[in-house]
Asker: 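Before I ask anything, let me first share the structure, which is written out below as structure tokens.
Every chain is numbered from 1, with letters handed out A, B, ... down the list of sequences. The analysis underlying the following values was restricted to heavy atoms, covering all of them including side chains, and did not include hydrogens, waters or symmetry mates.
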Amino acid sequence: MPLRLLKFAFSKNHPAPRFFRALEQPKKSYDVVIIGGGGHGLAAAYYLAKDHGITNVAVLERGYIGGGNTGRNTTIVRSNYLTPEGVNFYDASVKIYEGLSEELDLNLFYSNRGHFTLAHTESAMRTMRWRAEVNKHVGVESRVVGPDEIAKACPQLDLSCSGHAPILGALYHAPGSIARHDGVAWGYARGADRQGAEIFQNTEVTGIDVQSGKVAGVHTSRGYIATKKVLSAVAGFTPRVTKMVDLDTPIVIHPLQACVTEPMKPWLNSILVSGSLHVYVSQSSRGELVMGSSLDPYEVHSTRSSLDFVEGLTSHMLDMFPFLSNVKIVRQWAGMADMTPDFAPIMGKTPVEGFYLDAGWGTWGFKATPISGKTMAETIANDRAPEMIHSFRLSRFEDYELTGEKGAASVGH
Amino acid sequence: MQMISKPTPIAYALKDISPKMGLLNGMDVVMSFGDDVTESKNRQLLGICDVSCLSRFAIKGPSAAQWLELNKIKIPPTANSWNQQKSGALVLRLGNSEFLIEDQPEGKLCAALNVADRKALTGLYKVERSDVALLLSGSQVLSLLSELCTLDLREKALGENALVMTQVAGISATIIRQSLNNEPVYRLWCDGTYGAFMWDTMLEIAVEHGGGAVGLSSHYKL
Amino acid sequence: MSNRIGKKPGEWINREATLKFSYEGKDFTAYEGDTISSALWAAGERVLGRSFKYHRPRGVLSSANHDVNVMMTDGIDTNMRGDVVAVRDGMKLEAVNTVGGVKADRNRFVDSISPLLPVGFYYKAFHTPRRFFPFWEKMIRKAAGLGIVNFNFPRVLKRKTTTHCDLLVIGAGPAGLTAALVGADAGLEVTLVDENQYAGGSLTYDRAGASEAASKLSELIGRVKTHQGISLHTASYAAGYYTDHLIPIVGENGITKVRAKAVIVATGVFEQPPVFRYNDLPGVMLGSSAQRLIHRYAVKPFHTGIVVTANHHGYRVALDLLQAGVKVSALIDMRELGEVSVLEEDVVRKGVVVHKGCCVYEALPSKGQMGVAGAVICTYDEATNQANPSNSFTLECDGIAMSAGWAPAAALLYQAGTQMRYDDTTQQFVPAKLPQGVFTAGKVNGAFALEQRLQDGERAGNEVLRYLGKSAPEVNVERHAGSSPSHPYPIVPHPKAKNFVDFDEDIQVKDFVNAAKEGFDNIELMKRFTTVGMGPSQGKHSNMNAIRILGKIRGLPVEKIGTTTARPFFHPTPIGHLAGRGFHPHRLTPMHGWHEEAGAEFTEVGAWLRAAYYHKPDISKQEVIQEEALSVRQSVGIIDGGSLGKFEVHCAEAAEYLERFYAGKFASQAVGETRYALMLDESGVVVDDGVVARLAQDVFYITVSTSNAAAVYREMQRWLQIWKLQIGLINVTGAYGLINVAGPNARAVVGKLAKHSLADSDLPKGGIRETEIAGIAVRLVRVGFVSNLAYEIHVPAGSAVHVWNALMDAGANFGIRPFGTDAQRLLRLEMGNHLVGHDTDGLTNPYEIGAEWAISMDKPFFVGQRSLKIIAKRPVKKRLVHFMLEEGFSGEMPFECNLVMIQDEIKGRVTSISFTRSANRVIGFAYVDPKDVDPGSKFQIRTDSGAIVVATVVKAPFVKLERGA
Amino acid sequence: MKLLHCPMNGTRPISEFVFGGEFRDMPDPEASTDKEWAAYVHNRNGAPGLKKEWWYHGPSGTWFIAERNTLTEEVLRTYLFGQETAA
């Protein structure tokens with residue numbers, strides 16, 4: 001038993017301080033206002049302070065910290081993308097994640113499990129090789145493996161998928177991991193708070209004050225805050241915020257649903273994703289199977305659950321694991337995914353001076369949390385986006401230079 | 001043109017059994033799957049019958065209704081409804097301007113319409129179709145449908161002459177409820193290439209309910 | 001020692017049928033109808049399971065499907081809930097999540113080190129230094145989870161049906177039964193569901209030692225059961241509320257998806273445990289649980305018990321206990337004033353000592369904490385919520401019944417979008433604003449007295465009638481009167497803790513206090529940090545107390561704290577039930593049976609099954625594919641192409657329509673001619689390609705690729721509406737079979753059967769004729785996709801097999817051979833034809849694949865044209881070329897999607913590659929740098945192992961095209 | 001499962017429909033600048049609210065317009081394209 005737990009056993013008062021201060025009222029102005037107290041916004045606040053010494057920062061959260069997609073995703077972290085720019089970006093994220101528990105001094109349960117993207121068709125196999133080759137090129141450990149290797153890692157998997165969709169092979173991505181999603185938000189919040197950033201929960205931004213094309217401040221449910229720099233990091237709420245500054249983007253909102261089973265003794269060690277069966281699954285450190293599927297097929301701005309989702313998902317789960325018939329689903333939920341046409345994010349500066357966008361995270365935002373925070377902090381600090389996120393700029397659509405992650409991201413959370 | 005016998009769209013689903021076959025309208029068709037007692041029991045409990053061999057004629061376009069009337073067909077007055085001609089032929093109005101006509105086993109209406117002059121009107125297109133047509137009967141038929149279809153297909157919900165285009169077992173299909181030999185039955189049409197799947201799916205459930213496949217002679221005197 | 005008591009009216013057990021089973025290696029008997037817990041409890045077993053985190057012994061808590069510490073395995077199934085799963089004869093049960101048995105569980109040491117495991121402990125340790133984490137993680141994963149999954153558990157297919165009704169009533173307690181009767185009497189079709197084995201709700205167990213409830217129950221049940229308009233389903237729970245009144249009802253044999261016009265939620269309440277030290281010991285149970293054991297299973301909950309209460313209900317429990325022969329040594333009422341009603345008089349008259357303003361300070365464990373030995377009682381100050389142990393006294397007992405209040409079973413209401421408010425008179429959340437078509441009745445609505453619940457059911461039933469457009473009276477329901485059914489703060493602090501709030505996750509009061517100290521003082525954050533309510537019971541017995549505790553910590557009223565979001569499912573629901581039968585629709589061409597007999601290996605293309613190749617004994621798949629392709633090159637092959645999308649476009653404006661829809665020109669197309677057609681989307685991306693044939697001035701016939709057919713047809717229909725052209729569009733995909741006969745002898749074979757001459761002059765390349773083959777009217781197209789000479793025969797589906805067989809016969813002399821999609825892909829590659837979707841991806845534009853020839857920028861408009869004008873101004877980044885490897889190439893064979901490199905930069909990728917025996921070369925398609933596109937240019941492919949293979953750009957086709965070949 | 005009313009076929013579960021995206025008027029390709037055209041092709045009105053949308057009923061092959069609130073999922077009305085006034 002680690003010694004640091006002993007202090008809890010032998011202290012009279014609870015020895016752990018607050019993660020983040022309970023602040024009453026925001027100041028009149030800040031150097032930077034971050035809209036959205038999810039992983040991305042909090043990470044940006046953290047890196048603004050840590051990397052750039054910018055600490056006069058407010059993070060405004062409409063609900064509670066990490067209550068949006070940060071706390072709703074299925075916590076998979078990976079970097080096996082399709083385009084070199086995508087792989088580079090997510091790889092940088094994985095590298096930060098690997099040391100993040102230590103850096104934030106909070107156990108994020110960053111658990112390296114290995115990630116299999118199962119291929120049931122020849123064309124899926126081709127895409128796997130494409131991704132493997134690009135990954136290798138960038139220095140990321142991904143390779144195409146055959147059914148034998150999948151069976152070795154997961155002997156319980158029915159490789160024929162009940163005869164409906166036999167598995168031909170997979171893309172194996174060794175660094176694939178899962179983490180405690182809430183912990184990531186809390187850890188960044190604590191880190192940002194300790195360096196001086198101020199976090200306000202239950203604080204809604206109702207408008208953005210733009211004067212002569214430049215950001216001048218934000219209107220909030222707790223009054224007006226003057227600032228020259230605003231970062232929007234609000235995932236499924238992006239269109240509402242960009243509307244405040246009259247900015248058009250390609251983002252549309254589709255719900256993404258997930259569910260968990262009752263806890264059982266861990267048996268599934270890898271993360272499995274099947275594009276053909278629209279399933280991804282891992283087993284958490286609590287013993288629950290955490291499962292998700294593809295996006296809901298139409299636009300809805302709510303987190304309601306649907307029965308068709310869980311019917312479809314369970315049917316495909318049984319194809320893969322027929323013995324789960326009597327294992328029970330405890331809970332299902334949904335997040336709102338901000339989707340772009342090319343399945344890549346939109347990051348960086350915008351035509352509105354001082355308005356920075358961290359959006360379009362669709363179904364892949366959690367895994368990018370550290371690197372998006374870092375690169376957005378850099379963008380804000382220098383008023384210039386780093387090269388790493390150039391391909392994700394908003395103007396790529398006007399330039400007909402889409403990024404093309406669709407092949408890797410469709411069901412690849 | 002020479003006469004050849006055509007296989008039913010469900011032929012593939014029949015390949016491992018040897019029912020009693022017959023020929024109707026040039027199509028090989030199952031006359032019966034078992035003895036009279038079994039056939040009768042299945043028909044009354046939950047019987048699935050392949051009637052793909054019935055003659056069909058389909059036409060669509062803005063002038064389709066007018067043309068059918070010119071050809072002495074009484075057409076259903078509203079979209080998504082059906083009626084029965086004196087000859088016993090069914091006239092299904094699919095949406096507004098598309099019609100599917102199906103003869104009784106020995107009916108001649110479709111053959112006549114096939115060769116009737118269509119030049120007089122524009123906006124008239126003959127539709128080539130290859131349906132699997134099924135006839136579902138028995139006291140448990142709604143149990144079967146409630147597992148395959150989300151709609152309320154009971155008599156009180158459907159009314160007299162409603163026609164519904166919906167999904168059955170995930171496949172687009174057309175359904176009506178009619179009375180045949182004074183028994184309520186459901187009729188279903190879907191694309192013939194789904195025939196074997198639809199047949200197998202329905203049969204599996206029918207058998208679970210204690211019913212099964214029945215041949216054409218269970219419903220028609222031939 | 002049997003705790004079974006004499007027959008109770010309406011008991012759920014069948015004393016005629018005795019069942020044998022074992023638990024933890026010991027044999028037991030049960031009556032049919034017993035749950036595992038009731039049978040074991042009747043036999044005197046007290047330790048029915050161990051808790052998840054601290055491995056503390058646990059017994060009966062609710063008997064209402066949230067005793068999640070009592071999870072069993074029978075060696076086949078796991079996580080079986082003892083409080084609801086019925087005993088079956090011969091069961092061999094063991095508690096899950098123990099090491100060495102439930103009594104000797106070696107993991108029980110965790111309880112003694114619990115101070116080392118503060119709230120959220122796992123966030124606080126194990127992560128430094130990083131290299132040790134995997135070790136700790138292994139330990140934690142070992143400790144995690146409940147039961148062990150049986151990997152041989154059979155796949156169970158349950159039936160899922162859809163049913164429709166006017167009114168769905170959820171909960172067959174007095175309110176639900178009454179509401180159902182009101183609806184049905186007015187002619188509604190009513191479905192009534194209840195999760196219990198029998199209908200009746202609390203009338204089946206909450207009797208207060210009297211017979212009034214039982215007779216009310218039989219009266220209501222009698223009417224419901226004989227009512228034509230009510231369909232009653234017991235042992236079936238409403239698992240969730242989904243949009244537009246869709247409610248899945250889960251029963252043992254499957255799910256019924258009920259679609260109702262209106263829904264009445266009469267789900268009642270969950271009894272909530274008061275919180276005191278050792279409130280988790282086996283023998284400490286909810287009052288309603290004690291009543292369930294008595295009246296449903298005729299089991300005495302304990303011999304000498306005390307009742308701790310803070311409401312009216314505790315007195316009713318005491319009376320039931322007395323009636324069952326339990327010695328009730330005291331009734332501890334946390335309220336200063338106690339119960340001022342006849343109930344108190346009754347209890348006192350029966351010899352029970354009532355201690356008002358007192359609480360159970362702690363329960364005293366028997367040896368090994370396997371049961372209760374007594375309780376420490378002291379005064380409790382309701383104003384400060386503090387106990388005063390200085391004046392405590394001890395009572396001996398072997399059980400404690402707890403009745404301190406309730407929480408509404410409102411999960412479905414929350415899911416439906418109901419706004420709830422906190423009602424001070426009942427100290428309970430009740431509905432404030434209900435969504436359209438959703439109604440509530442009974443305790444969930446804050447109506448507690450029986451008379452009131454009956455009234456509320458009547459009111460709700462009548463409201464539904466009015467909602468559905470029938471006239472019905474307004475029924476007034478008396479407000480709750482008298483003392484509150486729930487105590488506002490039934491939580492007793494204790495310096496030594498182990499006063500449990502959440503039994504699923506072993507969460508104690510101090511955990512909430514400490515979580516708040518760390519900043520997690522918002523209900524959602526607190527839930528996530530402490531994991532309260534996240535266990536299998538989903539907070540049914542813990543959320544309400546958690547809210548009360550947080551309110552206390554923050555000094556806020558409960559209403560301000562709010563609740564966490566309730567999500568489906570109401571009870572955990574089996575995967576097999578949700579999955580159901582599962583349909584996998586597939587389409588077969590008319591020749592499917594023929595292919596199968598010929599040894600075809602099938603591949604799925606969209607919904608279709610297509611022959612990929614035909615097995616030949618002792619020959620590898622690769623060899624077979626080469627042979628099939630060679631037979632086309634050298635003589636003649638035949639392939640079933642029936643899955644291609646096939647559409648007809650009729651009417652005078654058809655050409656205009658196609659000009660707009662496709663990138664090429666069709667107005668000038670001659671009758672009897674076919675043209676290649678490229679389909680773009682509005683952003684200029686290549687979506688599909690196909691062939692447009694002109695059958696008449698006003699009739700076109702189009703084929704499109706199999707996998708895109710449905711989507712292309714949809715887009716055709718949409719543009720048709722937008723452009724408002726007079727078009728008749730017909731999808732004949734399934735109505736026509738398609739047979740392709742290819743190879744130098746194709747003309748000879750097809751010619752034998754064709755009514756018309758196939759001479760070049762009569763049917764040139766790219767021509768289409770309506771003619772007869774083997775006596776069948778067909779559309780015959782001279783194509784050149786896989787071979788320079790080939791015929792596509794489009795034949796009505798019913799006659800396709802006949803024509804296929806005729807062609808096989810006609811080709812016998814030429815050695816005609818069927819070929820599959822694999823050979824087809826090789827053949828088209830040899831011909832130099834790219835495949836959309838194979839050689840293109842979701843962002844490919846026509847310039848990148850050299851398809852400039854297929855787009856007519858001089859047309860006034862086509863879909864994608866405007867974007868192409870923008871794209872054309874930008875440099876092309878990559879281009880698709882044909883390539884060959886050197887003759888006799890013997891290096892590492894590149895695969896499709898190996899990368900094309902210049903130095904260390906990715907320039908493109910191989911999209912198609914294959915060895916072809918016809919050309920005796922490795923040939924393919926690849927995207928390369930635009931400067932490398934001229935024939936003869938060399939470029940580099942990097943193989944899987946990293947080796948570099950040099951390829952040469954060539955002109956297609958790859959095969960020497962003999963005259964007519 | 002959500003229900004949607006097809007103007008030709010009546011009320012059906014949403015699984016019978018294909019979502020066709022927001023209904024948008026195409027700008028004049030000749031008159032619009034490259035930038036305007038790129039915005040038309042790529043950008044969407046992603047904010048929640050009442051929208052006109054394309055929906056397709058699969059079993060009958062019917063395209064129609066639904067006026068739907070994307071925040072509440074409430075469908076105000078549905079009608080065939082061009083028959084807005086009749087609805």
Asker: Less than 4.5 Å to any heavy atom of chain D: does that hold for the side chain of A:Thr249, its backbone, both, or neither?
Answerer: backbone
Asker: Chain D: which of A:Thr238, A:Val252, A:Asp338, A:Asp308 shares the most heavy-atom pairs with it under 4.5 Å?
Answerer: A:Asp308
Asker: Can you tell me how far CD of A:Glu398 sits from CH2 of D:Trp37, rounded to the nearest 0.5 angstrom?
Answerer: 15.0 Å
Asker: Would you mind checking which part of D:Val41 comes under 4.5 Å of any heavy atom in chain A, side chain (CB onward), backbone (N, CA, C, O), both or neither?
Answerer: side chain
Asker: For D:His42 and A:Phe397, take the angle between the two ring planes, folded into 0 to 90°, and tell me which bin it lands in: parallel under 30, tilted 30 to 60, perpendicular over 60.
Answerer: tilted
Asker: Tell me the closest heavy-atom pair linking D:Ala47 and A:Pro239, and the distance in Å.
Answerer: N-CB, 3.3 Å
Asker: Is there a side-chain contact between A:Tyr298 and D:Trp55 (heavy atoms, below 4.5 Å)?
Answerer: yes
Asker: Which distance, rounded to the nearest 0.5 Å, do you find between the CG of D:Asn45 and the CD1 of A:Ile251?
Answerer: 12.5 Å
Asker: How far does CG of D:Leu71 sit from CZ of A:Arg240, to the nearest 0.5 angstrom?
Answerer: 5.5 Å
Asker: How long is the straight-line distance from NE2 of A:His301 back to OG1 of D:Thr72, given to the nearest 0.5 Å?
Answerer: 11.0 Å
Asker: Please name all residues satisfying salt bridge (Lys or Arg N to Asp or Glu O under 4.0 Å) with D:Arg68, sequence neighbours left out, ordered by chain then number.
Answerer: D:Glu53
Asker: Is D:Lys51 salt-bridged to A:Glu299, cutoff N-O under 4.0 Å?
Answerer: yes
